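Here is the structure we will look at, set down as structure tokens.
Just so it is clear, the model here is predicted, and its values are computed rather than measured. Remember, it's 1-based here, ligands and their atoms both numbered in the order they're listed. Throughout, residue positions are numbered sequentially from 1 according to the sequence presented.
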Amino acid sequence: MTLSLRPVEGLLAQLPLLQVEADGPVVHIRLNRPDKRNAVSDALVRQLQTAFVNLPQEARVAVLSGAGRHFCAGLDLSEVTEQDVTQGIHHSRLWHAAFDQIQFGPVPVIAVLHGAVVGGGLELAATAHLRVAERSAFYGLPEGQRGIFVGGGGSVRIARLVGVPRMTDLMLTGRVFDADEGQAAGLSNYLVDDGQGLAHALSLAEKVASNAPLSNYAITQALPRIVEMAPSEGLFVEALMSAIAQGDEAAKQRVRDFLEKRAGKVGKGGKE
Ligand code: 1HE
């Protein structure tokens with residue numbers, strides 16, 4: 001199926017720093033501040049939060065990308081110079097709330113990465129459940145050079161993606177990973193040619209959207225929590241989650257479809 005994305009109406013159309021379009025279950029949210037390399041101002045954080053709280057009812061998956069030559073240049077540095085310590089804490093907590101809404105919202109999120117994916121831009125990318133990178137993508141955490149620290153959840157999410165030693169290297173030395181190094185480090189799941197990222201993400205989005213919603217919810221919400229639990233608690237929660245998913249009519253129908261030869265085999269796509 002070829003998607004035909006169209007601008008959404010209503011609240012999501014009134015967020016000037018984002019462009020939101022959709023086709024049925026697939027929503028595409030694009031950071032739309034290319035003149036400032038999609039630097040994340042307070043207004044942009046709030047608009048992201050609003051968008052992910054107010055996804056269309058029929059949304060089953062969201063794709064997140066950036067307009068212009070870069071995904072995101074991170075924190076809008078023009079807004080930090082006057083902040084005192086207390087404001088700095090509230091600022092970081094604002095990002096946490098917005099980014100939690102992306103990671104722990106109702107639908108899986110696929111990010112399309114190109115050009116700069118740096119600082120808070122990498123923290124934003126790390127909220128997604130899947131990442132598709134284009135060859136132009138490069139990754140850095142220049143917080144060390146700017147005299148600050150990650151504040152958008154990076155020490156939790158990026159450290160889990162690439163490990164503390166790699167994150168320490170990026171932050172202490174200002175090292176920049178190119179797209180190949182990012183892929184090898186686990187920053188992207190897919191690496192595609194320049195200009196192909198959105199199409200690739202949209203085709204993944206269609207597959208993800210065709211899964212049973214409760215399976216997707218378990219994968220994106222239960223899995224990252226279970227992995228943080230002690231094994232015994234994790235196994236207990238896994239048993240509950242699997243029973244809940246299995247008890248859903250959508251699961252029963254899918255299993256019947258396979259047993260009655262109406263569903264595709266593993267690795268062979270859909271119905272043969
Ligand atoms: C910005 C920002 C920004 C660009 N805040 N205004 N992030 C950084 O340290 C990254 C800083 N940015 C860069 O290194 C470069 O801009 C890029 C490599 C991303 C892109 O380079 P380029 O040549 O395409 O663009 P440019 O000419 O550097 O920037 C174009 C404009 O965007 C320019 O403004 P103009 O008014 O002079 O046109 C830049 O000032 C502006 N711009 N990046 C504000 N980040 C929750 S804690 C998170 C902590 C962090 O994220 S620290 C990392 C911050």
Side-chain angles (χ1 to χ4, degrees), residues 16-19 30-52 64-104 111-128 131 133-162 164 166-182 187-188 194-195 197:
L17 300 174
L18 300 175
Q19 262 174 4
R30 181 186 268 134
L31 309 177
N32 190 27
R33 213 187 165 209
D35 292 353
K36 296 291 179 188
R37 308 309 185 243
N38 300 316
V40 182
S41 56
D42 285 3
L44 181 48
V45 183
R46 289 182 206 284
Q47 288 178 31
L48 274 170
Q49 186 173 21
T50 302
F52 278 91
L64 178 67
S65 71
R69 289 193 294 115
H70 302 280
F71 172 69
C72 178
L75 173 67
D76 186 329
L77 294 166
S78 70
E79 291 187 350
V80 290
T81 46
E82 302 305 323
Q83 270 178 12
D84 64 23
V85 172
T86 308
Q87 287 166 327
I89 293 171
H90 291 314
H91 180 257
S92 171
R93 298 299 287 159
L94 170 71
W95 281 53
H96 290 167
F99 285 14
D100 261 15
Q101 186 59 37
I102 301 175
Q103 184 183 0
F104 295 114
V112 182
L113 309 178
H114 73 297
V117 185
V118 300
L122 183 49
E123 294 181 287
L124 175 59
T127 65
R131 278 161 293 278
E134 296 188 353
R135 294 229 150 259
S136 66
F138 59 94
Y139 309 91
L141 289 171
E143 282 83 350
Q145 287 71 53
R146 307 280 180 242
I148 52 180
F149 188 62
V150 283
S155 50
V156 171
R157 295 192 184 94
I158 299 170
R160 278 170 175 70
L161 272 181
V162 302
V164 171
R166 282 201 193 91
M167 185 167 172
T168 304
D169 187 10
L170 291 174
M171 293 194 74
L172 277 183
T173 67
R175 180 173 178 177
V176 170
F177 283 167
D178 65 18
D180 283 319
E181 289 168 323
L187 286 171
S188 55
D194 288 340

Say whether Phe138, considering both its backbone and side-chain N or O atoms, lies within less than 3.5 Å of an N or O atom on ligand 1. no
Just need the protein heavy atom nearest to atom 42 (N) of ligand 1, so name the residue and atom and give the distance. Lys36 O, 4.0 Å
Can you check whether Gly152's main-chain N or O pairs, donor with acceptor, with Glu123's side chain at less than 3.5 Å? yes
Mark yes or no for whether Gln19, through its side chain, and Asn32, through its backbone, hold a donor-acceptor pair below 3.5 Å. no
Atom 20 (C) of ligand 1 [closest protein heavy-atom partner, distance rounded to 0.1 Å]: His70 NE2, 3.6 Å
Below 3.5 angstrom, do we get any N/O pair linking Arg37 and ligand 1? yes
for atom 45 (N) of ligand 1, nearest protein heavy atom and its distance come out as Leu75 O, 2.9 Å
Is atom 39 (C) of ligand 1 in close reach of the protein, with a heavy atom under 4.0 Å away? no
Closest protein heavy atom (residue, atom, distance) for atom 11 (C) of ligand 1: Arg146 NH2, 3.8 Å
So, does Arg146 use its side chain to make a donor-acceptor pair with the main chain of Pro142 at under 3.5 Å? no
Enter the distance from Leu64:CG to Arg30:CZ here, rounded to the nearest 0.5 Å. 11.0 Å
Please report the interatomic distance OG1(Thr50) to CG(Leu17), rounded to the nearest 0.5 Å. 11.0 Å
Going by a strict under-4.0 Å cutoff (protein heavy atoms only), does atom 25 (O) of ligand 1 have a neighbour on the protein? yes
Give a yes or no on whether the backbone of Gly115 and the side-chain of Arg69 come within a donor-acceptor separation of less than 3.5 Å. no
Under 4.0 Å from atom 36 (O) of ligand 1, do we find at least one protein heavy atom? yes
For atom 49 (C) of ligand 1, what's the nearest protein heavy atom and its distance? Glu143 OE2, 3.2 Å
So which bit of Ala116 gets within less than 4.0 Å of ligand 1, heavy atoms only: side chain, backbone, both or neither? side chain
Evaluating non-hydrogen atoms only, which member of Ala39, Gly140, Pro34, Gly119 is closest to atom 6 (N) of ligand 1? Ala39
Say whether, by atom type as modelled, one donor and one acceptor occur between the side chain of Ser65 and the main chain of Val112 under 3.5 angstrom. no
Which residue owns the protein heavy atom closest to atom 5 (N) of ligand 1, what's the atom, and how far is it? Leu77 N, 2.9 Å
Region of Glu123 engaging ligand 1 - heavy atom pairs below 4.0 Å: side chain
Based purely on interatomic distance, does Gly121 place a nitrogen or oxygen under 3.5 Å from a nitrogen or oxygen of ligand 1? no
Run the side chain to side chain contact (heavy atoms under 4.5 Å, CB included) check on Phe71 and Leu124 step by step: do they pass? CA-CA 10 Å; Phe71 172 69; Leu124 175 59; 4.0 Å; yes
What is the nearest protein non-hydrogen atom to atom 10 (C) of ligand 1, stated with its residue, atom name and distance? Ala73 O, 3.5 Å
For Pro142, state whether at least one heavy atom is located under 4.0 Å from any atom of ligand 1. yes
Return the CG to CH2 distance between Leu44 and Trp95, rounded to the nearest 0.5 Å. 8.0 Å
Mind checking whether Asp35 contacts ligand 1 via backbone (N, CA, C, O), side chain (CB onward), both or neither, at a 4.0 Å heavy-atom cut-off? backbone
Determine if the distance from atom 13 (C) of ligand 1 to the closest protein heavy atom is below 4.0 Å. no
Which protein non-hydrogen atom lies closest to atom 47 (S) of ligand 1, naming both residue and atom, and how far is it? Gly151 N, 3.5 Å
Under 4.0 Å from one or more heavy atoms of Gly152, ligand 1 contributes atoms 46 (C)
Taking the side chain from Gln87 and the backbone from Asp84, do they hold a donor-acceptor pair closer than 3.5 Å? yes
If you measure every N/O of Gly120 against every N/O of ligand 1, is any gap under 3.5 Å? yes
Protein heavy atoms: any of them under 4.0 Å from atom 28 (O) of ligand 1? no
Output yes when a side-chain donor or acceptor of Glu143 lies under 3.5 Å from a complementary backbone atom of Ile148, and no otherwise. no
Is atom 8 (C) of ligand 1 less than 4.0 angstrom from at least one protein heavy atom? yes
Per-residue contact class, Arg69 against ligand 1 - non-hydrogen pairs under 4.0 Å: side chain
Got a salt bridge between Arg135 and Asp180, using NZ or NE/NH1/NH2 to carboxylate O under 4.0 Å? yes
With side-chain hydrogen bond (donor to acceptor under 3.5 Å, both in side chains) as the criterion, how do Asp194 and His114 come out once you've worked through the C-alpha distance, each side chain's angles and the decisive distance to 0.1 Å? CA-CA 8 Å; Asp194 288 340; His114 73 297; over 6 Å; no
Is it true that Arg93 and Asp100 make a salt bridge, defined as a side-chain N closer than 4.0 Å to a carboxylate O? no
Hey, is atom 53 (C) of ligand 1 touched by any protein heavy atom at less than 4.0 Å? yes
Is a side-chain donor or acceptor of Glu79 paired with a backbone partner of Asp42 at a separation under 3.5 angstrom? yes
